[in-house]
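Notes to accompany the following structure.
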Amino acid sequence: MRRFLRPGHDPVRERLKRDLFQFNKTVEHGFPHQPSALGYSPFLRLMAIGTRSGAIKLYGAPGVEFMGLHEENNTVMQIHFIPDQCQLVTLLDDNSLHLWSLKQHGGASELREEHRFTLKGPPGSPPSATQVTAVLPHSSREVLYLGTESGNIFVVELPSFRVLEDRTITPEAVLQWIPEDNCNRRSCELVEALREHPKNPDQILIGYSRALIVLWDLQNNKAIHHFLGSQQLENLYWQRDGSKFISCHYDGSYTQWPVSSDNRQSEPLENTVPYGPFPCKAISKIYWQTTKNGLPYIIFQGGMPRASYGDRHSISVIHGSQQTAFDFTSRVIDFFIIFSSDPAAEFDDPSALVVLAEEELVVIDLKSAGWPAVHPPYLASLHCSAITCSHHVSNIPLKLWERIISAGSKQNIHYSSMPWPIDGGTNIAPDPPQRDLLLTGHEDGTVRFWDASGVCLHLLYKLSTVRVFLTDADPNDNMNTLGEDEWPPLRKVGTFDPYSDDPRLGIQKIYLCKYSGYLAVAGTAGQVLVMELNDEDAEHMVDHAEADLLQDQEGYRWKGHEKLKTRDGPVRFEAGFQPFVLVQCQPPAVVTSLALHSEWKLVAFGTSHGFGLFDHQQKRLVFVKCTLHPSDQLALEGPLSRVKSLKKSLRQSFRRIRRSRVSSRKRRGGGGSASEVQEANAKFDQDALQEMELAPVQRKIEARSAEDSFTGFVRTLYFADTFLRDSSRHCPSLWAGTNGGTVYAFCLRVPPAERRMDEPVRAEQAKEIQLMHRAPVVGILVLDGRSTPLPEPLEVAHDLSKSPDMQGSHQLLVVSEEQFKVFTLPKVSSKLKLKLTALEGCRVRKVTVANFGSCKTDDYSENDLAVLTNLGDIQIISLPFLKLQIRYPCIRKEDVSGIASCVFTKYGQGFYLISPSEFERFSLSTKWLVEPRCIVDMPEVTSNNHMHNKSGTENAARKSSPGDCGEDERKSGRLMEHALLNDEKVLKEIQSTLEGGR
Amino acid sequence: EFRRFSLERSKPGKFEEFYGLLQHVHKIPNVDVLVGYTDIHGDLLPINNDDNYHKAVSTANPLLRIFIQRKEDADYSAFGTDTMTRKKNVLSNVLRPDNHKKKPHIVISMPQDFRPVSSIIDVDILPETHRRVRLYKYGTDKPLGFYIRDGSSVRVTPHGLEKVPGIFISRLVPGGLAQSTGLLAVNDEVLEVNGIEVSGKSLDQVTDMMIANSRNLIITVRPANQRNNVVRNSRTSGSSGQSTESSLPSSTPNILGTLQGEEESDEEDIIIEDSGEPQQIPKAAPTSESIESLSQIELLNESTQNGFLPSSEMNSNHSAGSISMEYEVPEPGRKSLEEDGTIITL
């Protein structure tokens, strides 16, 4: 009878599904990809970052984050906050201006685009007439001054963006006031800088590119002063009291100018080339900061000697006799200084230097001696070495959490103790429900431990496996070994270092047991390290063992890389996770699967040749099993060649490039090199297209046979205490699934604890299941008598899980890329199956059991499978009946690296990379939702009283509707991703990591 | 000469025994004979192994009519799935074998040595312009041997003709299954794969669907060459006026219904217990019977350790003894049991 009840139309279940599942993209963690602009509001204490794909992100105190996306997806060129307002203006590279504002809605602030505007010149005028080069939001908050390439300065009213034509400052008007002998029309071309007088809002300083600087009286429309430099102008900065200003120039010099009322044409006070006398690069931005003790801080970007240090990305700080040139790891996009914002204060008293470089954010504490760096609580550069894998552990016990933090704090001693200086806004999101760790493995052999509990992804601890091995680069090699008298006084700052000494060090698999503190890490050259958490530094030997996975197979020759050489003798390890055993797979192929059972003290590992089990208590190899098919030659040819899938992804990329060409053309304005690139690109496209036309894209339809390559590739390993042989006795077992659709089950005999060291662990093959569809096995799971997945090792011992039902019969769930199948145990008979590929044409890429709680009642929760397919869809499939519950499109299917990087948590959340440096966080659960929720209040100084009151009342009514603000968020998240993927460069980057990476 | 004797329907026994019984009844103990029977459609079918013997007994209604021929003067061509029209002829041939005596006798393999490689199915429910082809990958070592590509085709929609993306056969591998059937050709448009429409799916998705169903692939195509279409009788062709693509979805439910039975039977996984012989994984029995089956299995396990047991021998007959074993048509009795199982476990 029940057969005729169509699943999915059961109204009770439908209602329950609504209480359980909900898809949201909540927040982006990490560092924005390709940042292009920086802005700061000393009033709101918020920082804004714009990107090449048109995104704008605001950051304040940890947890305070806003994101917006320009519809045009154009590069953000400049960001300016309106003084004393919750508003900002962005300038895009299509010359459009956008007004954004932070408005309170539903108890939380939101970033919204209010207006957009493009400056239009009179008909027939060249585009340069209106090309905006400098933006000055006036302190009156009523107008914006827009300097243009033509030298005109337009005045637009806010917030309507109405051009006040009668107030335009034309070059002609300026020239009237300047003696003709040293100026002509051309010296008034291109406005480089516009600065308002710090004391008198009616005066602005106009800097033209050809070194003419004019102090303009806005009231009377006349030039009060003019200053003539000898070098092309780059930027201007007022001294706080308005008595002097400083200009910086193309030749690497800066000049101080006095502003006195008597003299209409001033001579410079001082002209300095800080890194002369040889030709220097331009100083593009400069700050002059006064202090109580009289010695100013002069902080400028660039100015390095052209020949010897022209390639450095530097910002120099000069304070009296102290001078340091901070040397950044990537191009500096922009920087600002945090100083006393109180208008009544007499001095600037700078406290921090905030630098946005292309790949990371660096903050320097200017108050402490030695100018140490400040550890940022967000905007972490996830990609300081390329991410090779990730692993998420939910609900970390407090003890382990504290030990990891303490290990991490010992690594961070060189950071400043200064509190985070950008602290605007209030985080009103509820405290994260639990402590979550995200572990990322990197190409350079490090594992980074991130606090993934809340909105800010924060680095807790960094583990390096390099110390175990002998590599070409000495780990003690310090980049900062410049002597005292070095000139220029360069100091390397930042952590971004994409160059790996040895790709074999790369981390491929991570497994952390949160109860015991055991960590297993496996890498590219077949190395498997088992580690233990130690709170003290220690020097000890690392035990070595070899696992010959080929066993007796004859005639095989490994053509890939060699294994890593290990260090002889004891090695010194810092506090934290310290390796005690190294198992080296032979041949040293990349480790493709890893499992650790901390209760039995066993670690299992698999490569493309087979798998093995190692007893890390007795430090003894228990067994190895070769899974290689005799005809499989490819597996021996070294690092995985991804011939098939690469071809596929290449094809898709070409299509995408073709599609994005139109938009990219529009984006690239002028510039010789840009057009060259474009030409090269066009040629590349054409070649690709031609190739496609010659050989039409076609797919071979062929049944898989046992002879396909890589059938032996071990995809998954799983420990379970279950009924393997008979239904009366359960025993420990190890399960392995291969690429060829084979599942092996080994029955293990683990001696009881008191004889654990005396008796060997034994293993015996008990079962071998061959799936006839031969699709790769990606997941194995045993369900207990209540159809609940077996708990993790030690979970029951720590009273965190009900002990599994060992009375009823167990079931085995085998997930292949194409099907889900449930078998009975111990006698294997198939019970249920769900065919995914045969019907949908999609394949399983990732699968995890997740626990979903109901948002309506606290006492209901259920386990389901969270599945990511190759199409980027996320599906939820019920356990144990394998019914598709719900499906959400999540990642674009062309985003191969995004799909490959996805990791699910145990409570229905997940992460995937949207760029090399950013994780998108998503949630499938109605109950666990980590998303930014914050309020930005107008600080007290404002006269805008009614606004403040309003926010107060809304404060009381907050937490009302978390749903509706999530909607916008989600929309913008999707757009953002879209923008990234439309970018050719990103595409190529993904491509190159695919080709070169693995 | 005719003989009549009775068999117990529920316990037919083995073919060997039956063969012995026939020889005994006809008093031809040392003569090699061919045994055949007429099934409910009137086709003359051979009995030469346990499977078709059981089938014959189970379908007998109420009489099982058996024909016995000497092997040396047997007319092999008489067997086959021909329709009633030939029945008389066949019978006369069989009954009077001397008609053919003078003809040189061509030795060809027994029908059981053949397996179907392809068939056109559902001719009655499909529009004439479409063809549903079933490729039996099993039982042949030939590769499926075809390629598909993206393309575009013209559809009739409520808004007029519309160009839509489609999937087409782009190449047939010489000597492959697809080519040898003659039922598929280059530029045929693929409309469905095992009952699922391909419209809206990408080339890679369709590829994956076809490969996932490769053991029992049923593809519905619109042949590029429409001249070889099946000509139907007037009753069905009357409706063909509407049978354009747009009318296809309405017939899909039927199609799915007809496919259901096959879907269940397309694969059986293999299990090797304790490094013994590979066996097909059975379907889980309904929970009420699971205890019984469990005890049975335990018995089996113990016995395999000792050596051989008749029951395992019977199994090995089923499972040719290697991993690359092929699927054989399950007995109908067991199939209904599977379905019962599904009902209960759902």
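Just so we're on the same page: letters track the sequence lines, and every chain starts at 1.
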Taking salt bridge (Lys or Arg N to Asp or Glu O under 4.0 Å) as the test, write out the residues that go with A:R13, two or more places apart.
->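 In terms of salt bridge (Lys or Arg N to Asp or Glu O under 4.0 Å), with neighbours along the sequence ignored, A:R13 is linked to A:E862.
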So, B:Q205 side chain and A:E840 main chain: donor-acceptor pair closer than 3.5 Å or not?
->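 Judged by distance alone, yes, a pair lies under 3.5 Å.
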Let me know if [X] has heavy atoms under 4.5 Å from chain B in its side chain, its backbone, both or neither.
{"X": "A:F823", "value": "side chain"}
{"X": "A:A838", "value": "both"}
{"X": "A:L871", "value": "side chain"}

Report the distance from atom [atom1] of [X] to atom [atom2] of [Y], rounding to the nearest 0.5 Å.
{"X": "B:S214", "Y": "A:H773", "atom1": "OG", "atom2": "NE2", "value": "10.5 Å"}
{"X": "B:I271", "Y": "A:S830", "atom1": "CD1", "atom2": "OG", "value": "10.5 Å"}
{"X": "A:R843", "Y": "B:I211", "atom1": "CZ", "atom2": "CD1", "value": "7.0 Å"}

Intermediate values then yes/no, side chain to side chain contact (heavy atoms under 4.5 Å, CB included), A:L839 and B:M209 = CA-CA 6 Å; A:L839 304 179; B:M209 284 165 66; over 6 Å; no
Is A:K821 salt-bridged to B:D269, going by a charged N under 4.0 Å from an acidic O?
->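 Answer for the salt bridge query: yes.
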Find out whether B:I272 and A:K767 are in side-chain contact, i.e. whether some heavy atom of one side chain is under 4.5 Å from a heavy atom of the other.
->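 Answer no - side chains too far apart.
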For residues B:I270 and A:M772, determine if any side-chain heavy atom of one lies less than 4.5 Å from a side-chain heavy atom of the other.
->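 Touching, per the 4.5 Å side-chain cut-off.
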How would you list, by chain and number, every residue that makes a side-chain hydrogen bond (donor to acceptor under 3.5 Å, both in side chains) with A:T742, sequence neighbours excluded?
->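 Result, side-chain hydrogen bond (donor to acceptor under 3.5 Å, both in side chains) vs A:T742: A:Q770.
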Under the side-chain hydrogen bond (donor to acceptor under 3.5 Å, both in side chains) test, residues paired with B:Q179 that sit two or more places apart =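 Checked B:Q179 against side-chain hydrogen bond (donor to acceptor under 3.5 Å, both in side chains); zero matches.
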Closest heavy-atom pair and its distance - B:D208, A:T837 =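 Between these two residues, the closest heavy atoms are O-CG2, 3.2 Å.
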Under a 4.5 Å heavy-atom cutoff, which of A:V743, A:V822, A:V828, A:L724 has the most pairs with chain B?
->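 Going by pairs under 4.5 Å, I would pick A:V828.
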How far apart are the C-alpha atoms of A:K700 and B:M210, what are their side-chain angles, what is the distance that settles it, and do they pass the side chain to side chain contact (heavy atoms under 4.5 Å, CB included) test?
-> CA-CA 10 Å; A:K700 190 175 184 178; B:M210 287 193 176; over 6 Å; no
Toward chain A: residues of residues 166-176 of chain B with heavy atoms under 4.5 Å =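 Expected list: B:S170, B:R171.
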With side chain to side chain contact (heavy atoms under 4.5 Å, CB included) as the test, would you mind laying out the steps for A:Q698 and B:I148 before giving the verdict?
-> CA-CA 5 Å; A:Q698 51 178 15; B:I148 56 172; over 6 Å; no
